[in-house]
Amino acid sequence: MKSTSCILALSLAIAAPVFAQSGGMVQATPPAEAVAALNRHLASLSRNPQDVNALLGAGQAALDLGDIQAANGFFTRANMVDGRNGRARLGLAVVQIALKQPADAAANFDAASALGVSAQAHLPERALAYDLTGQQAKAQQDYRAVLQANPNDNTARLNYAVSLGVSGNLAEAEQQLKPALTSGDREAWRIRAFVLAMNGQMAEARSIAQTTLPKGLADALEPYLQRLPLLTASQKVSAVHYGEYPADVLRLAAPEPARNRDTQVAAATERERGGRRQTAAERRAAQQAARRASQVQQPAPAAAAAQPLPPPPPPAPTASPPPQQPVQTAARAPAPQPTRPAPSPAPATQPASRVTNPAPTAVAAVAPAAPSTPAPAASAPTPAPAPAPQPVRSLGDTLQALEVPEGERRQVAVADLSAVARIQEQRRVAAAAQQAKAKADAEARAKAEAERKAEAERKAKLAANPSRNWVQLAAGRDPAALAFDLRRLRRTYGDTIAGQDGWTATWGETRRLLIGPFRRPEDARAVVTELRKAGGDAFFWQSEAGEEVSKIGTQ
């Protein structure tokens, strides 16, 4: 149902999205402490796989180490053992919002609250889950609580602005965005463009996109901005944060004129259902969505424009679309750790909430040890633990140390002729794995060398082209024509631009005609002011580090 556009992904990458991989899903815990905690809880689980407190502690330690899948498995098993445990529900909710399962996350946040467990440490995640499920009022209440506790939380403030924009409160959304807009935060300008577009102010949204993005990318982004009013509240949040649009909406014509929108939304809904007959409730929901989409075309309240906003920052350099990444996890990601298998869950005694990929990839807790082997059959009694204190070991080490009883050992020893064949096959597999590893290591070394060379070239390019301040006089395709224009402008504004060299840089499919560079932005802006007073058309431009600017013309 969802289709992520490369155009949207690139625009989100250029604007530095709100949700980075290292967003604060959990409290920051030093990795050494998290590893020690995981060690401790795994040792407890080796003695009792149904120890709920140990499962919860291991899940939190896995979260602290950034292993979402391992945390998923631990919290799922804790919920299977005790379905009325609020801490397990809260842990599942944190994992599910990281895995982009907002409906399950919102349900588990509510369940944890009903069971008396506070989500105070995870209000940003809960607010996002509510936002992604269309519960904007509850999301905004959580965002306000976060900002009251930490007014400098810029991420929460930007997310709050998105939620306000989705609910149609454009004036308050812009008030929340204003501090970041004033500081030139490109992410805030991107969000403002989306908020304006979803509220029907396409002209302003288009102007921001054209100003803050390279021209080709801004033009390609416009169809997505035009279709924002057609989305539901939860789809708008997903579009802003993740760049995801329903496939059928992308196939619709742009929502103008507004009278065609009802028909388009009805057609999209029919295609989404695969042609089945629409129920009365679905028809009412579709009609309400169409009415909301029509209403957002009306002008925003005058309060939104009461205070002028600063000009948007200059456009970012064109970049290649980033590769598809796994689901973003907001938990902090420390250095990679070796993994250990977690114990098999006990039979469920309570219904468990659905969580994708419940099997954990446990984070290692101790120094490397021999690979784990499956636990012996249930009929095989395990020896009692020694009374003397033992050093804490990982769950994998504990399972490895379990011994098969003598009675079963004698049964296994009876003329198992297939054992020789199994051993030979294992050796062949090990040899093949070793060859594959050698090949992979060689490829990794070649890749690392190529990356090293590319990085050296990038650094050389950055050193040759640092970020500089310019005054743009004109634009055109032919550098020779730009040189002619520069000579003409020197005759017209000789005193103002005297002594400044002429330069050119790419600008979409055209090229900029520049003078400079100027040591400070203020110096360049002063020249712009003088040229405008003399009737010229010029503006300040700052090149990015690494962006090539070449000299043209003569004095």
Under 4.5 Å between any side-chain heavy atoms of Tyr143 and Leu128, yes or no?
yes
For residues Ala78 and Ala88, report the shortest heavy-atom separation together with the two atoms involved.
CB-CB, 4.1 Å
Quick one: does Glu33's side chain get under 4.5 Å of Val35's, heavy atoms only?
no
Passes side-chain contact (heavy atoms from CB on, under 4.5 Å), Gln176 versus Leu147? Steps please.
CA-CA 11 Å; Gln176 295 298 325; Leu147 292 173; 4.1 Å; yes
Ser44 to Ala54 - nearest heavy-atom pair and separation:
CB-CB, 3.8 Å
Separation between CZ of Phe75 and CD of Gln60, rounded to the nearest 0.5 Å
5.5 Å
Report yes or no: is the cationic atom of Arg190 (NZ for Lys, CZ for Arg) closer than 6.0 Å to the six-membered ring centre of Phe194, at no more than 45° off its axis?
yes
Would you check if Asn53 and Arg87 make a side-chain contact, meaning some heavy-atom pair closer than 4.5 Å?
yes
Taking Glu125 for its side chain and Val94 for its backbone only, find out whether a donor-acceptor pair lies under 3.5 Å.
no
How many angstroms lie between CZ in Arg126 and CG in Leu90, if you round to the nearest 0.5 Å?
9.0 Å
Minimum heavy-atom separation for Leu63 and Ala71, please, with both atom names.
CG-CB, 3.8 Å
Does Ser113 reach the main-chain N or O of Phe109 with its side chain, forming a donor-acceptor pair under 3.5 Å?
no
Give a yes or no answer on whether the side chain of Ser46 reaches the backbone of Ala43 with a donor-acceptor pair at less than 3.5 Å.
yes
To the nearest 0.5 Å, atom CE of Met198 lies from atom CZ of Arg227 at 15.5 Å
Salt bridge present between Asp110 and Lys138 (N-O < 4.0 angstrom):
yes
Can you see which heavy atom on Leu231 is nearest to which on Ala239, and at what distance?
CD1-CB, 4.0 Å
Can you tell me how far the CG atom of Leu158 sits from the CG atom of Asp185, to the nearest 0.5 Å?
6.0 Å
Among side-chain atoms of Asp131 and Ser163, is any donor-acceptor pair under 3.5 angstrom?
yes
If we only count heavy atoms from C-beta on, is the Gln426 to Val429 side-chain gap below 4.5 Å?
no
Report yes if some heavy atom in the side chain of Leu56 is under 4.5 Å from a heavy atom in the side chain of Asn85; otherwise report no.
yes
Would you check, one step at a time, whether the test side-chain contact (heavy atoms from CB on, under 4.5 Å) holds for His41 with Leu55?
CA-CA 7 Å; His41 296 303; Leu55 287 168; over 6 Å; no
Look at Arg144 together with Glu172 and state whether they make a salt bridge at an N to O cut-off of under 4.0 Å.
no
When the ring planes of Tyr224 and Tyr245 are compared, do they come out parallel, tilted or perpendicular, using 30° and 60° as the limits?
perpendicular
Are side-chain heavy atoms of Glu187 and Asn154 found at a separation under 4.5 Å?
no
Rounded to the nearest 0.5 Å, what separates atom CG in Leu92 from atom OG1 in Thr76?
5.0 Å
For Asn150 and Val146, what are the C-alpha separation, side-chain angles and deciding distance, and is it a side-chain contact (heavy atoms from CB on, under 4.5 Å)?
CA-CA 6 Å; Asn150 182 10; Val146 173; 5.5 Å; no
Does Arg445 pair with Asp441 as a salt bridge, N-O distance under 4.0 Å?
no
Nearest heavy-atom pair of His241 and Asn159: which atoms, and what distance?
CE1-OD1, 3.4 Å
Looking only at the side chains, is there a donor atom on one of Glu244 and Ser238 sitting less than 3.5 Å from an acceptor on the other?
yes
When you measure from the side chain of Thr133 to the backbone N and O of Ala129, does any donor-acceptor pair fall under 3.5 Å?
yes
Checking the side chain of Glu457 only, and the main-chain atoms of Ala454 only, is there a donor and an acceptor separated by less than 3.5 Å?
no
Can you find a pair of side-chain heavy atoms, one from Ile97 and one from Leu132, that are under 4.5 Å apart?
yes
Is any side-chain heavy atom of Val237 less than 4.5 Å from a side-chain heavy atom of Tyr242?
no
Counting only heavy atoms not in Gln148, do more than 12 fall under 6.0 Å of its CD?
no
Indicate yes or no: does Arg452 engage Glu449 in a salt bridge with an N to O separation below 4.0 Å.
yes
Output for pair (Asn108 CG, Gln101 CD), nearest 0.5 Å, gives 10.0 Å
Does the Arg157 side chain pair with the main chain of Pro151, one donor and one acceptor, at a distance under 3.5 Å?
yes
So, for Ala188 and Ala180, which heavy atoms are closest and what is the spacing to 0.1 Å?
CB-CB, 3.5 Å
For Glu443 and Lys439, what are the C-alpha separation, side-chain angles and deciding distance, and is it a side-chain contact (heavy atoms from CB on, under 4.5 Å)?
CA-CA 6 Å; Glu443 292 175 351; Lys439 181 180 178 181; 3.4 Å; yes
